[in-house]
There are 2 protein chains.
Amino acid sequence: MSCIKTLKEKGLKLTPQRRLIVDAIHDIDTNLTAEEIITHVQARMPEVHKSTIYRTLELLEKYGCVFKSEVGERSVYHHVDERHHHHHLVCSSCGKTIECDEDFFTNLEKSLAEKYGFNVDFKHIVMSGLCEKCKNKNK
Amino acid sequence: MSCIKTLKEKGLKLTPQRRLIVDAIHDIDTNLTAEEIITHVQARMPEVHKSTIYRTLELLEKYGCVFKSEVGERSVYHHVDERHHHHHLVCSSCGKTIECDEDFFTNLEKSLAEKYGFNVDFKHIVMSGLCEKCKNKNK
DNA sequence: ATCGGTATTGCACCTGGTCGCAATTATACT
DNA sequence: AGTATAATTGCGACCAGGTGCAATACCGAT
């Protein structure tokens with residue numbers, strides 16, 4: 001429930017709509033499409049407009065409560081786990097998500113910074129590809 | 001002009017619209033947004049519908065003539081250079097694109113496959129972040 | 001408890017991109 | 001050159017997501 005606290009600390013208003021959105025992110029999976037959030041929220045409070053939801057999600061991202069990432073065309077939101085950061089590997093065939101440790105990326109991050117002076121923002125990247133099952137399926 | 005050859009080889013029709021789209025990809029930058037392509041094509045042939053352009057781009061991607069990648073919300077197309085693959089680092093602040101060698105990613109690719117059995121599809125990833133200049137600007 | 005100001009909402013509209021469909025056209029065959 | 005036919009086009013409708021604006025509601029001060 002730290003999301004609520006974060007909003008309060010920033011002097012933002014705690015509207016019923018926002019509570020519902022925060023609830024959705026906590027209650028359901030950690031891997032939510034915008035559409036799933038909209039459905040969940042509107043099931044309880046049908047008037048809530050999608051733009052309100054997108055705006056709230058944007059806010060929560062801005063204040064570090066959720067991560068937004070693009071998988072294929074759609075946006076997917078991950079509730080931020082304060083204990084440890086991790087990256088996500090999403091299978092483009094079955095949709096399965098694997099959390100992987102951020103250590104894997106630190107080397108790459110470092111060498112790209114050294115060679116090109118470029119600072120990749122890995123927090124906002126979700127890698128897509130094929131998981132083990134789907135890879136073998138296609139053979 | 002190998003794109004044209006590729007289309008012919010696949011038994012696809014060579015329409016004036018398609019010629020224009022292929023021209024655009026060759027003539028202009030290697031780093032084109034869909035919108036830039038649409039503008040370029042419609043400047044010469046105004047009736048060409050955006051859906052035709054998107055469909056052709058999809059085809060060209062399918063047959064390996066271009067790479068499509070998502071930067072922020074928009075789609076960006078890169079003309080494929082047959083000589084060597086490389087990855088793209090796009091600065092989210094100034095839009096500058098850096099081509100980087102694929103060797104940087106092979107280690108990461110390998111270790112993710114070993115640890116998680118996951119095969120990241122790096123061909124379709126464009127990393128965003130901050131280039132040297134923009135990073136220093138914000139300080 | 002109520003009041004005022006600012007944050008937030010819902011709405012209507014916009015944008016990039018996709019899709020089904022009927023009309024058109026590039027090509028292969030005669 | 002003329003024709004058959006399957007691929008392709010343009011169109012309009014649609015989708016997810018975003019924006020400006022007027023109306024509303026949260027919350028701190030009274």
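Side chains included, hydrogens not; waters and symmetry mates left out as well; all remaining heavy atoms used. Naming convention: chains lettered A, B, ... in sequence-line order (proteins, then strands); numbering from 1 in each chain.
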Inset, instruction - Between protein and nucleotides 22-30 of chain D, map the contacts as a letter string: B base, S sugar-phosphate only, - none, heavy atoms under 4.0 Å, written 5' to 3'. - result: ---BBS---
Legend entry - Integer-rounded Å distance: C:dG16 P and B:Leu32 CG: 16 Å
Legend entry - Distance, rounded to the nearest Å, where A:Glu35 contributes CD and D:dC14 contributes C1': 13 Å
Legend entry - Beyond-backbone contact of B:Ile53 with B:Ile37, side-chain heavy atoms, under 4.5 angstrom: yes
Inset, instruction - Could you check which residues of residues 41-53 of chain A get a heavy atom under 4.0 Å from DNA chain D? Sort them by number, please. - result: A:Lys50, A:Ser51
Legend entry - Non-hydrogen side-chain atoms of B:Leu60 and B:Leu7 separated by less than 4.5 Å: yes
Inset, instruction - Check for a donor-acceptor pair, side chain of A:Ser111 on one end and backbone N or O of A:Asn107 on the other, with a separation under 3.5 Å. - result: yes
Legend entry - Heavy-atom closest contact (A:Ala24 atom, A:His40 atom, distance): CB-CD2, 3.4 Å
Legend entry - Presence of A:Tyr54 side-chain N/O under 4.0 Å of D:dG18 phosphate oxygens OP1/OP2: no
Legend entry - Integer-rounded Å distance: C:dG16 P and B:Glu58 CD: 18 Å
Inset, instruction - Evaluate the side-chain proximity of B:Ile25 to B:Leu57: yes if any heavy-atom separation is below 4.5 Å, no if none is. - result: yes
Legend entry - Distance in angstrom units between B:Ile21 CD1 and D:dG10 C1', rounded: 13 Å
Legend entry - B:Arg18 vs D:dT9: side-chain N/O to OP1/OP2 distance below 4.0 Å: yes
Inset, instruction - Round to a whole Å and report the spacing from CG of A:Leu57 to P of D:dG17. - result: 10 Å
Inset, instruction - Tell me whether the OP1 or OP2 atom of D:dG18 has a side-chain N or O from A:Lys68 closer than 4.0 Å. - result: yes
Legend entry - Non-hydrogen atoms of A:Gln42 and A:Val48 that approach each other most closely: NE2-O, 2.7 Å
Inset, instruction - Applying side-chain contact (heavy atoms from CB on, under 4.5 Å), name anything that partners A:Lys50, two or more places apart in sequence or on another chain. - result: A:Ile38, A:Tyr54
Inset, instruction - Would you check if there is a donor-acceptor pair between the side chains of B:Arg19 and B:Thr15 at a distance under 3.5 Å? - result: no
Inset, instruction - Kindly write out the residues that satisfy side-chain hydrogen bond (donor to acceptor under 3.5 Å, both in side chains) with B:Thr33, not counting sequence neighbours, or none if the list is empty. - result: B:Glu36
Inset, instruction - Specify the separation, in whole Å, of atom CD of B:Glu61 and atom C1' of C:dG17. - result: 14 Å
Inset, instruction - State, to 0.1 Å, how close A:His79 and A:Cys65 come at their nearest heavy-atom pair, and which atoms those are. - result: CD2-O, 3.4 Å
Legend entry - Under 3.5 Å: donor-acceptor pair, side chain of B:Arg18, backbone of B:Thr56: no
Legend entry - B:Glu58: partners by side-chain hydrogen bond (donor to acceptor under 3.5 Å, both in side chains), with sequence neighbours left out: none
Inset, instruction - Identify whether any heavy atom of B:Arg55 sits under 4.0 Å from a base atom; if not, whether one sits that close to sugar-phosphate; answer base, sugar-phosphate or nothing. - result: base
Inset, instruction - Using five pairs at either end of the helix from C:dA1-D:dT30 to C:dT30-D:dA1, determine the angle between the two local helix axes and round it to 10 degrees. - result: 20°
Inset, instruction - Please state how far atom CG in B:Leu7 lies from atom P in D:dT9, giving the value in whole angstrom units. - result: 10 Å
Inset, instruction - Using whole Å, report how far CD1 of B:Ile38 lies from C1' of D:dC11. - result: 15 Å
